[in-house]
Asks: 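Quick one: the structure is below, and I'll ask about it shortly.
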Amino acid sequence: MDYKNETARFIDSVLQGIGPMDISTLEDTVSWFAYDPLIANSWSRRILKMIDDLGKTSLSKKAIAELFPNLSELRCKAWFELWMAKFSSLSKDERIKISNFYLDLLNAISPEDPYAFKKNIIHTPEEVSGFIKKLKPAKPEIARKLGRLVNACYHLGHAAYSDMNPSIVYENYGPYDVSSQYGSEHILAVKDFNNLRSLDLWPQTKDFPWMDIRIVSIYEHIKMSMDAISHVTFEGGDLINNLRYFSLEIDGQDFEPDKLNPICEEIEKMAIQIFQEFQALGFEKRKEKYYFQKSYAYKKVYDYLGQDWRPSADVLQEAQNKPLYKADWPKNTEDLRKLFKKIFDPYEEFPSEIHKAT
């Protein structure tokens, strides 16, 4: 693999996802560019140790990738780590080591478009065929009930894991071409919602009944695209009226949409409760909670290694009593893109523009 070229391609995909975003809208919430630089040194050293420890195991790259919550979350962790490393004291070689680690994982687990320029593909043709066997005819009222469930799970993801890590809960896979089975302009899309119960972060979820939800949908006249930072876009039609077939599983069991209302209500209530609790935290406790949420994406990795997944004492200490990182980011979109590209790129040194802006 030409790692330098692949790194550039991955960064281009990330910037494609960030491009439409107005980062000023994140200033009043948790944001990676304000919180992550506060722990850059200790966190980046932690990631390097994790990489070394994984290298001592017999796990394949694909098996390591499967320890992360999902493919989009793996990509998100990759670009967060590239950003963080640039604010640390890591050498160029150490930054490149982190970049190469994530590139290996992405290419090992995704058979197509690993950096998500257009799609998010992980399932084999056999798995897609298995999904199709479980599908049932859809109608608009079913699509509306599923839509409410989707929105409730999205809200819970953002509440439980912050606006920077919601894909610990949700993932969108597709589009998968099913035109040979259903005719032209039909696609299959998968929505997975996992880690709905997060006892380690939010004790009130102890008795929350549901952990995993999967919705498989066949749409007609709908175009689907994904980007590297877990955003999904559907275009060309009405998701309510253009849903042709569906399946719904909750914790591995088939579930009827007619019974969804009480489940949606409980998920919505839990999202509100967690959000309100987070909002009530003082500044230092909010920072600490964010670093726990960030660390949760690595829980299965550290569980496999027999190590504590939680942020270490030196990580929390590094951030203690520090104000949030601030920079006068360029207002011009192209200038901002160029600056972000320099920061993400492990082959470049820390951009002088940042020193002028902070």
Side-chain angles (χ1 to χ4, degrees), residues 13 60-76 105-139 142-143 145-147 149-150 153-154 167-196 211-257 260:
S13 182
S60 66
K61 299 297 184 184
K62 184 174 185 291
I64 293 173
E66 289 171 345
L67 292 174
F68 287 81
N70 53 57
L71 183 49
S72 286
E73 184 61 13
L74 177 58
R75 292 192 197 96
C76 287
L105 299 191
L106 290 171
N107 281 277
I109 195 171
S110 179
E112 184 180 350
D113 198 3
Y115 311 138
F117 281 97
K118 294 182 178 180
K119 57 183 68 174
N120 190 39
I121 300 296
I122 197 171
H123 302 101
T124 65
E126 292 74 22
E127 288 174 314
V128 173
S129 294
F131 295 150
I132 289 174
K133 291 177 182 178
K134 298 180 180 180
L135 294 174
K136 305 172 184 177
K139 47 189 177 181
I142 289 176
K145 290 180 183 295
L146 294 175
L149 176 63
V150 167
C153 290
Y154 276 148
S167 48
I168 292 177
V169 164
Y170 64 74
E171 174 65 304
N172 292 276
Y173 292 112
Y176 295 97
D177 181 9
V178 290
S179 56
S180 62
Q181 296 95 329
Y182 294 95
S184 62
E185 296 197 53
H186 284 78
I187 62 167
L188 183 145
V190 180
K191 286 185 180 291
D192 279 349
F193 300 97
N194 308 117
N195 300 302
L196 296 174
M211 189 64 160
D212 303 297
I213 296 174
R214 168 170 287 171
I215 302 170
V216 178
S217 304
I218 298 285
Y219 292 107
E220 184 180 13
H221 305 308
I222 296 286
K223 296 186 183 300
M224 172 188 178
S225 62
M226 282 283 294
D227 66 27
I229 57 177
S230 78
H231 298 145
V232 61
T233 302
F234 293 98
E235 297 178 325
D238 181 347
L239 291 180
I240 298 297
N241 292 304
N242 289 66
L243 178 66
R244 299 293 179 247
Y245 299 91
F246 82 99
S247 68
L248 170 64
E249 291 183 359
I250 298 182
D251 291 327
Q253 301 297 316
D254 288 340
F255 201 88
E256 292 300 323
L260 274 178

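Keep in mind that what you see is a predicted model, and the values were worked out from it rather than measured.
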Asks: Below 3.5 Å, can you tabulate the donor-acceptor pairs from side chains in residues 217-225 to any protein atom, sequence neighbours excluded?
Replies:
unit_1	atom_1	unit_2	atom_2	d
Glu220	OE1	Arg244	NE	2.8
Glu220	OE1	Arg244	NH2	3.3
His221	ND1	Glu185	OE1	3.0

Asks: Could you please spell out the steps behind the side-chain contact (heavy atoms from CB on, under 4.5 Å) verdict for Phe193 and Asp212?
Replies: CA-CA 6 Å; Phe193 300 97; Asp212 303 297; over 6 Å; no
Asks: Nearest 0.5 Å please: distance from the NZ atom of Lys136 over to the OG atom of Ser247.
Replies: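 That separation rounds to 8.5 Å.
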Asks: Who are the side chain to side chain contact (heavy atoms under 4.5 Å, CB included) partners of Ser129, not counting sequence neighbours?
Replies: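 By the side chain to side chain contact (heavy atoms under 4.5 Å, CB included) rule, Ser129 matches no residue at all.
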Asks: Which pair of heavy atoms, one from Ala116 and one from Ser13, lies closest together, and at what distance?
Replies: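 In terms of heavy atoms, the two residues are closest at O-OG, 3.5 Å.
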Asks: Taking side chain as C-beta onward, heavy atoms only, is Phe68 less than 4.5 Å from Leu105?
Replies: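 The answer is yes; the side chains approach within 4.5 Å.
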Asks: Has the side chain of Asn195 got a donor or acceptor atom that lies under 3.5 Å from a matching backbone atom of Ile168?
Replies: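 Checking the backbone N and O of Ile168 against the side chain of Asn195, a donor-acceptor pair under 3.5 Å is found.
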Asks: Report the C-alpha distance between Arg214 and Asp192 in whole Å, list the side-chain angles of each, state the deciding distance to 0.1 Å, and finish with yes or no for salt bridge (charged side-chain N to carboxylate O under 4.0 Å, His left out).
Replies: CA-CA 5 Å; Arg214 168 170 287 171; Asp192 279 349; 2.7 Å; yes
Asks: Within the 4.5 Å heavy-atom criterion, are Cys153 and Ile213 side-chain neighbours or not?
Replies: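 Yes. Closest side-chain heavy atoms under 4.5 Å.
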Asks: Let's go through Lys118 and Glu112 carefully: what are the C-alpha distance in whole Å and the side-chain angles of both, what is the deciding distance for salt bridge (charged side-chain N to carboxylate O under 4.0 Å, His left out) to 0.1 Å, and is it a yes or a no?
Replies: CA-CA 10 Å; Lys118 294 182 178 180; Glu112 184 180 350; over 6 Å; no
Asks: Counting neighbours of NZ on Lys139 that are heavy atoms of other residues, nucleotides or ligands and sit closer than 6.0 Å, is the number greater than 12?
Replies: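 No, NZ of Lys139 has 12 or fewer neighbouring heavy atoms, counting only those of other groups under 6.0 Å.
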Asks: Determine, for Glu256 against Lys145, whether the closest basic-nitrogen to carboxylate-oxygen distance falls under 4.0 angstrom.
Replies: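 Result for this pair is no, no salt bridge flagged.
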Asks: For a quick test of reading the model, state the closest non-hydrogen atom pair linking Ile122 to Pro111 and the distance between them.
Replies: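 That would be CA-CD, 4.0 Å.
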Asks: Would you indicate whether the side-chain heavy atoms of Phe246 and Pro137 approach each other to under 4.5 Å?
Replies: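 A side-chain contact is absent here, since even the closest heavy-atom pair is not under 4.5 Å.
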Asks: Can you tell me how the ring of Tyr173 sits relative to the ring of His123, calling it parallel under 30°, perpendicular over 60° and tilted otherwise?
Replies: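 Rings of Tyr173 and His123: perpendicular, as their planes differ by over 60°.
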Asks: Between Gly174 and Met226, which heavy-atom pair has the shortest distance, and what is it?
Replies: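 Minimum heavy-atom separation between Gly174 and Met226: O-CG, 4.3 Å.
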Asks: Checking Ile121 against Asp113 for the side-chain contact (heavy atoms from CB on, under 4.5 Å) test, could you report, in this order, the C-alpha distance in whole Å, the side-chain angles of both residues, the deciding distance, and whether it holds?
Replies: CA-CA 7 Å; Ile121 300 296; Asp113 198 3; 5.8 Å; no
Asks: Is the closest side-chain heavy-atom distance between Ile215 and Val190 below 4.5 Å?
Replies: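 Counting from C-beta outward, Ile215 and Val190 never come under 4.5 Å.
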Asks: Please check this pair: side chain of Ser60 against backbone of Ala63, looking for a donor-acceptor N/O pair closer than 3.5 Å.
Replies: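 Yes: the side chain of Ser60 pairs with the backbone of Ala63.
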Asks: Give the C-alpha distance, both sets of side-chain angles, the deciding distance and a yes or no for side-chain contact (heavy atoms from CB on, under 4.5 Å) between Val178 and Tyr245.
Replies: CA-CA 12 Å; Val178 290; Tyr245 299 91; over 6 Å; no
Asks: Rounded to the nearest 0.5 Å, how far does CD1 of Ile240 lie from CD1 of Ile142?
Replies: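 Going from CD1 on Ile142 over to CD1 on Ile240, the span is 11.0 Å.
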Asks: With a 3.5 Å cut-off and no angle check, do the side chains of Asn120 and Arg75 form a donor-acceptor pair?
Replies: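 On atom types as modelled, these side chains qualify, holding a pair under 3.5 Å.
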Asks: Using 0.5 Å steps for rounding, measure from the CD atom of Glu73 to the CG atom of Asn194.
Replies: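 Atom-to-atom, Glu73:CD and Asn194:CG are 11.5 Å apart.
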Asks: Do Val232 and Asp227 have side-chain heavy atoms sitting under 4.5 Å apart?
Replies: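 Contact flag for Val232/Asp227 side chains = no.
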Asks: List the steps, then state whether side-chain contact (heavy atoms from CB on, under 4.5 Å) holds for Ile109 with Leu71.
Replies: CA-CA 8 Å; Ile109 195 171; Leu71 183 49; 3.6 Å; yes
Asks: Of all residues at least two apart in sequence or in a different chain, which pass the salt bridge (charged side-chain N to carboxylate O under 4.0 Å, His left out) check with Glu249?
Replies: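 Once residues adjacent in sequence are excluded, the partners of Glu249 under the salt bridge (charged side-chain N to carboxylate O under 4.0 Å, His left out) criterion are Lys134.
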Asks: Are the side chains of Leu149 and Leu248 in touch, meaning some heavy atoms are under 4.5 Å apart?
Replies: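 Heavy-atom side-chain distance check passes, below 4.5 Å.
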Asks: Supply the atom-to-atom distance Phe234 CZ to Asn172 CG, rounded to the nearest 0.5 angstrom.
Replies: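 The CZ atom of Phe234 sits 5.5 Å away from the CG atom of Asn172.
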Asks: Ignoring hydrogens and angles, state whether a donor on the side chain of Tyr182 or Asp177 is under 3.5 Å from an acceptor on the partner side chain.
Replies: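 There is no such pair between these side chains.
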Asks: Just so I know, are the side chains of His186 and Ser179 near enough to count as touching, which here means a heavy-atom distance under 4.5 Å?
Replies: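 Result no, sub-4.5 Å side-chain heavy-atom pair not found.
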Asks: Are side-chain heavy atoms of Leu260 and Phe255 found at a separation under 4.5 Å?
Replies: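 Touching, per the 4.5 Å side-chain cut-off.
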